Trainee: 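After the structure tokens below, expect a handful of questions from me.
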Amino acid sequence: MSENLDQRNRRIIKKLVLTVAGMFVFAFAMVPLYNVLCDITGLNGKTNSAAITHVPEGMEADEDRSVLVQFVTRNDPHMPWLFEPMERSVRVHPGEIKAVNFRVRNDTDRDMISQAIPSLAPGLAASHFKKTQCFCFDQQPLAAHSEQVMPMIFYIDPSIPKHVTTITLSYTLFDITDRASGRAGEVAAR
Amino acid sequence: MADHHEHHAPTGLKRWLFSTNHKDIGSLYLWFSFIMFLIGGLLAMVIRTELLYPGMQVVDPDFFNQMTTTHGLIMVFGAVMPAFVGLANWMIPLMIGAPDMALPRMNNWSFWILPAAFAILVSSVLMSAFGPGHPQAPNFGWTFYAPLSTTYGPASTDFFILSVHMMGISSIMGAINVIVTVLNMRAPGMTMMKMPLFVWTWLITAFLLIAVMPVLAGAVTMMLTDRHFGTSFFNAAGGGDPVLFQHIFWFFGHPEVYIMILPAFGVVSAIIPTFARKPLFGYASMVYATGSIALLSFVVWAHHMFAVGMPLAGMLFFMYMTMLISVPTGVKVFNWVATMWRGSLTFELPMKWAIAFVILFTIGGLSGLMLAITPADIQYHDSYFVVAHFHYVLVSGAIFSMFAAVYYWLPKWTGVMYDKFWGEVHFWSSLLSVNLLFFPMHFVGLAGMPRRYADYALQFADYNFWISIGGFWFGISQLFLLWVLIKACFLKKGEKATAEVWENPEGLEWTVPSPAPFHTFDTPPVVK
């Protein structure tokens, strides 16, 4: 009887420990799940992180309406570069392909690498905002005391809901020099 | 069998350090949680002292934030959770007619991890208050949102992470023990649907613990690697997302609040029938309601994040799911009221606490329902209204049920009746002060006072003065309980308790003598 109980106990414990391990893994699985969900829904204003290579066949600019696209730039507190849009806002027709430029200047004495992270408001419009080229797709190195113009080319999908008349696209610029050069952890530890 | 009784338990320190006895470990858990309750309360006193008058007078804002953070952590993980685990240890074997918990050695381990975990956490507070240079204790709120706890977390965040890992391991082991005990150790004839409701609620709580404590462990592990090993789970610079932290945290956090309240439902469901002298109304519906609350708790987490922003469909989903929880909770409240209906009620202390629980918890539940309404929540979010809500459900909910449980089973544990006079003083004093403390928080919250600030706008001054008075009063009231406990547990003074203690109570725990002997149910009782 007692041995029997031990066996029964062990069977349940095994299942429970497996569940615990599974839930621990699930916590990490939430990271990719969340990203997929954000990509689908545009949650958090995530815009496409890789270039759109095929503009839909026969897409035409919808001359009847236009959307005001505003650009906001900000720096992470540890990022000393100058970072600004060359135009604060542009008015575009849905379906029209538009190029804009951003300027960065590294006034420090060292070569650095940056990464820009986009966020778009309202989040509902994020999946309709398509970038065919963006400096935010890649890490951007910049030598000490130099300047650079970074292009971003985009169009707004004509299927964007009619009530969206203004879109604000914000970029936050991060210094990832240490991270990119393999000295991991120093960014967080600062 | 006979020689089993003759083995001598070790005495002194060894008895407690090496104990594998569910009653001893239960007592350890209960005393530990009471000490943590007093420490957490002391931190709350610092908060209320600072907020007594507008302006800055006692502590600086950063220390104030450390107080709110550690108060929350200690109360949630140190006071409420271990208190219920202690209760489970003491009562589950007695209630299902088992000689002990199924895994006694693991039981010992899961308790003794806790003092170590909290020594680490509390040491960061002590160092901040008294240490050279006053290094900051965790100061990011008990919810430790990234990036406050990652990029901007003080060095002591790593103490916090280790401590949370340890308490998580302790809770998981405790939960495994409860599940195995309940599933395998029931006395012959004790079918699942004959188990006391306290055992049922704890079984379901244990499953919740198994499901979400590993997620919490995952969250703090990601924090740790973000801080020190160059990952970017929550760091936008590396492609991570701080909002993801909130999703992971609340996926743990919402079931966590039911972990803290389901055993309370079980306690109250044991006490009310005894003093209404009627069987519990709607036993089966209580079991199903508990199960549905537990299941629903996994699909409501984002109602903590309405202000963060999410698609309309998401907000609607989480709003409706949250409101749905009030259905099974309502079933419970109606069942308790129906149990009392036309019963021959008497109002001994446990019953007083239980009735106070039903009323005050319902107030907390209703404010929760208000918070569930998305457009209203945008207004209430992070205000004192939220503070009022969760203190009504946790203090006058979970903790009041703990008090009820202590008064109800104390004669069984110690063999003597509690001191009725000081018990009454404790009850009335706590009841009045807890409402003075938390009720006005609804008003200041609706008027716009945000939580987690060391100061407030002048128009909130009068309310905050009285809230603080209520806070000090409630704090002092708990010393009466300390005296009641010392008198019953250590001085053993008081009326001798009979085995039954109350008038004809239901349950196997009342068939063993009071105090419950060191070993009970060596021969399983037969349940008809």
Side-chain angles (χ1 to χ4, degrees), chain A residues 4-13 15-31 33-35 37-38 41-46 49 76-79 114-119 121-124 172-176 178-180 182-190, chain B residues 102-103 106 147 150-153 155 168-169 172-173 175-177 179-181 183-185 206-207 209-223 225-244 247-248 251-252 308-314:
Chain A
N4 193 359
L5 183 68
D6 267 1
Q7 281 171 355
R8 281 191 299 156
N9 286 355
R10 219 162 281 155
R11 214 170 39 237
I12 298 179
I13 295 167
K15 280 184 201 155
L16 293 176
V17 170
L18 275 178
T19 316
V20 169
M23 288 310 290
F24 187 71
V25 172
F26 175 71
F28 287 85
M30 278 166 94
V31 180
L33 280 176
Y34 174 79
N35 281 332
L37 207 71
C38 288
T41 60
L43 195 68
N44 287 336
K46 285 202 176 178
S49 56
D76 177 70
H78 301 300
M79 184 53 158
S114 78
Q115 171 76 57
I117 303 290
S119 177
L124 216 60
T172 308
L173 197 68
F174 291 90
D175 170 16
I176 56 161
D178 294 333
R179 204 173 279 259
R183 281 179 286 156
E186 286 177 30
V187 177
R190 268 206 303 253
Chain B
L103 312 160
M106 195 167 87
T150 50
T151 315
Y152 304 105
I169 291 170
I172 289 169
M173 290 196 299
I176 290 179
N177 212 345
I179 295 175
V180 177
T181 308
L183 294 185
N184 280 354
M185 306 273 287
F207 276 110
L209 280 166
I210 296 274
V212 299
M213 289 313 277
V215 175
L216 174 69
V220 292
T221 307
M222 288 182 222
M223 267 174 65
T225 58
D226 265 16
R227 282 171 61 81
H228 297 295
F229 303 107
T231 59
S232 303
F233 288 107
F234 310 128
N235 186 352
D241 191 334
V243 177
L244 171 67
H247 282 288
I248 298 178
F251 185 84
F252 146 80
V308 174
M310 67 184 89
L312 185 65

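The structure displayed is predicted, hence computed values, not measured ones. Just the heavy atoms: all of them, side chains too, but no hydrogens, waters or symmetry mates, feed the values below. So you know, we letter chains A, B, ... as the sequences are listed, proteins then strands, and number each from 1.
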Trainee: Is it the backbone or the side chain of Ile179(B) that comes under 4.5 Å from a heavy atom of chain A, or both, or neither?
Mentor: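 Contact with chain A is through the side chain of Ile179(B) alone.
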Trainee: Sort Leu209(B) into side chain, backbone, both or neither according to what part of it lies under 4.5 angstrom from a heavy atom of chain A.
Mentor: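 Neither part, no heavy atoms under 4.5 Å.
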Trainee: If every non-hydrogen atom of Met185(B) is compared with every non-hydrogen atom of Leu5(A), which pair is closest and at what distance?
Mentor: SD-CD2, 3.7 Å
Trainee: Report the option among Thr19(A), Val31(A), Val25(A) that has the most heavy-atom pairs separated by less than 4.5 Å from atoms of chain B.
Mentor: Val31(A)
Trainee: Could you tell me which non-hydrogen atom of Gly218(B) sits nearest to which non-hydrogen atom of Ala27(A), and how far apart they are?
Mentor: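 Result for this residue pair: CA-CB, 4.0 Å.
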Trainee: Going by the side chain to side chain contact (heavy atoms under 4.5 Å, CB included) test, name the single residue among Ile176(B), Leu183(B), Thr181(B), Val180(B) that passes it with Asn9(A).
Mentor: Val180(B)
Trainee: Would you mind telling me which of Ala313(B), Ala102(B), Gly153(B), Ser232(B) has the largest number of heavy-atom pairs within less than 4.5 Å of chain A?
Mentor: Ser232(B)
Trainee: Hey, could you give me the CG/CZ distance between Asn184(B) and Arg11(A), rounded to the nearest 0.5 Å?
Mentor: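 These two atoms lie 8.0 Å from each other.
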Trainee: For Ile117(A), which atoms come within 4.5 Å of any heavy atom of chain B: side chain, backbone, both, or neither?
Mentor: side chain
Trainee: Check the pair Val243(B) / Tyr34(A) against side-chain contact (heavy atoms from CB on, under 4.5 Å), numbers first and verdict last.
Mentor: CA-CA 10 Å; Val243(B) 177; Tyr34(A) 174 79; 3.5 Å; yes
Trainee: Report which part of Phe252(B) has an atom under 4.5 Å of a heavy atom belonging to chain A: side chain, backbone, both, or neither.
Mentor: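 No part of it gets close to chain A.
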Trainee: Report which part of Ile172(B) has an atom under 4.5 Å of a heavy atom belonging to chain A: side chain, backbone, both, or neither.
Mentor: side chain
Trainee: For Met30(A) versus His247(B), what's the shortest heavy-atom pair and its separation?
Mentor: CE-O, 4.0 Å
Trainee: By side-chain hydrogen bond (donor to acceptor under 3.5 Å, both in side chains), which residues pair with Thr231(B), not counting sequence neighbours?
Mentor: Thr225(B), Asp226(B)
Trainee: Phe24(A): what forms a side-chain contact (heavy atoms from CB on, under 4.5 Å) with it, not counting sequence neighbours?
Mentor: Phe28(A), Pro214(B), Ala217(B), Thr221(B)
